[in-house]
Amino acid sequence: MIFDTHAHYDDEAFDDDRDELLRSLPEHGIEAVVNVGASIQTTKNTLELIKKYPFVYGAVGVHPNETGELNDHLIDWLRHVAKEPKVVAIGEIGLDYHWEEPEPEVQKHWFVRQLEIARETKLPVIIHSREAAKDTMDLMKAEKAGEIGGVIHCYSYSLEQAKEYLNMGFYLGIGGVLTFNNAKKLKEVVEYMPLDRIVLETDCPYLSPVPNRGKRNSSLNLPYVVAEISRIKQIPEEQVIEATNQNAKKMYRLP
């Protein structure tokens with residue numbers, strides 16, 4: 001069965017049918033989902049979801065563009081909730097220079113603080129990096145993030161950078177973008193990288209794969225991503241599903 005390593009089912013895009021959709025996932029071949037916090041509020045939402053659905057796990061953390069809200073008190077709160085039973089990662093954390101706020105120094109400060117929580121709690125990290133390739137890599141090397149481990153979510157950089165992250169022991173999160181015609185770089189990365197380093201993700205409600213590009217995404221679309229990995233690597237779809245499922249459990253340290 002498929003393991004969706006990165007979703008945002010607390011998003012308002014799911015307000016009309018969240019319960020129905022989530023309860024339908026197991027019968028459609030989705031074994032588990034990790035709902036990922038991107039702010040203090042969405043982290044709180046995530047903690048509610050993991051209590052309600054047995055197959056939903058959580059990641060707690062604050063996205064770089066939301067780090068302006070952070071302070072020492074909230075960092076202590078994150079450290080506290082990171083110890084909840086079904087919390088499996090710290091994330092999504094990192095750097096995002098696409099939007100200008102908050103300024104890079106603020107983002108870097110809270111990125112480091114959240115990496116420290118991951119190190120203390122012995123949880124992997126979910127790294128968000130957009131238009132910040134060099135700074136993300138430099139900071140992660142300086143902080144010895146390879147010792148913490150985790151995933152580069154929605155991987156979007158070059159093959160050279162992918163090789164560096166793989167050498168650091170990171171997994172790469174692969175989702176709907178892989179099916180886009182203009183995703184040439186990402187297809188090269190997937191062709192190169194070993195199967196035991198790929199994890200599947202949706203980032204839903206965003207980044208629906210072809211043929212549903214532009215529509216609301218959900219875990220039900222992951223078979224399209226599986227099919228594309230299967231085509232690129234010339235291996236059976238069942239092998240992709242089995243390997244990525246095992247990779248996700250290993251990465252999130254699940255039995």
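Quick note: residue numbers are just sequence positions, from 1. Not measured: the values here are computed from a predicted model.
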Indicate yes or no: at least one non-hydrogen side-chain atom of [X] is less than 4.5 angstrom from one of [Y].
| X | Y | result |
| --- | --- | --- |
| Y9 | L21 | yes |
| K86 | K51 | no |
| L178 | K187 | yes |
| N35 | Y57 | no |
| L166 | P194 | yes |
| I174 | V199 | no |
| I126 | Y252 | yes |
| F111 | E143 | no |

Nearest 0.5 Å, what's the [atom1]-[atom2] distance between [X] and [Y]?
| X | Y | atom1 | atom2 | value |
| --- | --- | --- | --- | --- |
| T244 | I229 | OG1 | CD1 | 6.5 Å |
| M140 | I148 | CE | CD1 | 8.0 Å |
| D4 | S218 | CG | OG | 8.5 Å |
| M168 | K141 | CE | NZ | 6.5 Å |
| C154 | L207 | SG | CG | 5.0 Å |
| N245 | L200 | CG | CG | 9.0 Å |

Looking at [Y] and [X], is any side-chain nitrogen of the basic one under 4.0 Å from a carboxylate oxygen of the acidic one?
| X | Y | value |
| --- | --- | --- |
| D17 | R216 | yes |
| K144 | E147 | no |
| E116 | R79 | no |
| K249 | E31 | yes |

Least distance between heavy atoms, [X] atom then [Y] atom:
| X | Y | result |
| --- | --- | --- |
| A133 | Y157 | N-OH, 3.3 Å |
| L172 | A162 | CD1-CB, 4.0 Å |
| F55 | L22 | CZ-O, 3.0 Å |
| G37 | T43 | CA-OG1, 3.6 Å |
| A7 | V33 | CB-CG1, 3.7 Å |
| I75 | Q114 | CD1-CG, 4.1 Å |

For N167 and E164, run side chain to side chain contact (heavy atoms under 4.5 Å, CB included): C-alpha distance rounded to whole Å, both residues' side-chain angles, the deciding distance at 0.1 Å, then the answer.
CA-CA 5 Å; N167 288 340; E164 286 202 68; 5.6 Å; no

Are [Y] and [X] linked, directly or through intermediate hydrophobic residues, by side-chain heavy-atom contacts shorter than 4.5 Å (ILVMFWY only)?
| X | Y | answer |
| --- | --- | --- |
| Y165 | V177 | yes |
| M137 | M193 | yes |
| V189 | V151 | no |
| V240 | I2 | yes |
| V62 | L123 | yes |

So does [Y] get a backbone contact from the side chain of [X], meaning a donor-acceptor N/O pair under 3.5 Å?
| X | Y | value |
| --- | --- | --- |
| T121 | A82 | no |
| N71 | L74 | yes |
| K233 | L195 | no |
| S230 | I235 | yes |
| R197 | N247 | no |
| N221 | P209 | no |

Other residues, nucleotides and ligands only: do more than 12 of their heavy atoms fall within 6.0 Å of [atom1] on [X]?
| X | atom1 | result |
| --- | --- | --- |
| Q246 | CD | yes |
| D19 | CG | yes |
| N181 | CG | no |
| H109 | NE2 | yes |
| E27 | CD | yes |

Would you please test F3 and I30 for side chain to side chain contact (heavy atoms under 4.5 Å, CB included) and show each step?
CA-CA 6 Å; F3 196 126; I30 310 297; over 6 Å; no

Step-by-step salt bridge (Lys or Arg N to Asp or Glu O under 4.0 Å) determination, K185 to E188:
CA-CA 5 Å; K185 264 194 320 190; E188 284 171 5; over 6 Å; no

Carefully, step by step, assess Y155 and S129 under the rule side chain to side chain contact (heavy atoms under 4.5 Å, CB included).
CA-CA 8 Å; Y155 187 77; S129 180; over 6 Å; no

Between D196 and Y171, do the side chains contain a donor N or O and an acceptor N or O under 3.5 Å apart?
no

Check the side chains of T42 and D10 for a donor-acceptor pair under 3.5 angstrom, ignoring hydrogens and angles.
no

Looking at F180, is R213 sitting on its ring face, NZ or CZ under 6.0 Å from the six-membered ring centre and within 45 degrees of the normal?
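Here R213 passes the 6.0 Å and 45° test against F180.
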
Does NZ or CZ of K163 lie under 6.0 Å from the centre of the six-membered ring of Y192, at an angle within 45° of the ring axis?
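So K163 does make the cation-pi contact.
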
Does E228 form a side chain to side chain contact (heavy atoms under 4.5 Å, CB included) with V210? I'd like the steps, not just the answer.
CA-CA 10 Å; E228 185 63 5; V210 174; over 6 Å; no

Check: residues 92-104 side-chain donor-acceptor pairs under 3.5 Å, at least two apart:
from : atom 1 : to   : atom 2 : distance (Å)
E92  : OE1    : H128 : ND1    : 2.9
E92  : OE2    : H6   : NE2    : 3.1
E92  : OE2    : H8   : NE2    : 3.1
D96  : OD1    : H98  : N      : 2.9
D96  : OD2    : H128 : NE2    : 2.7
Y97  : OH     : D135 : OD2    : 2.8
H98  : ND1    : E131 : OE2    : 2.7
H98  : NE2    : R130 : NH2    : 3.4

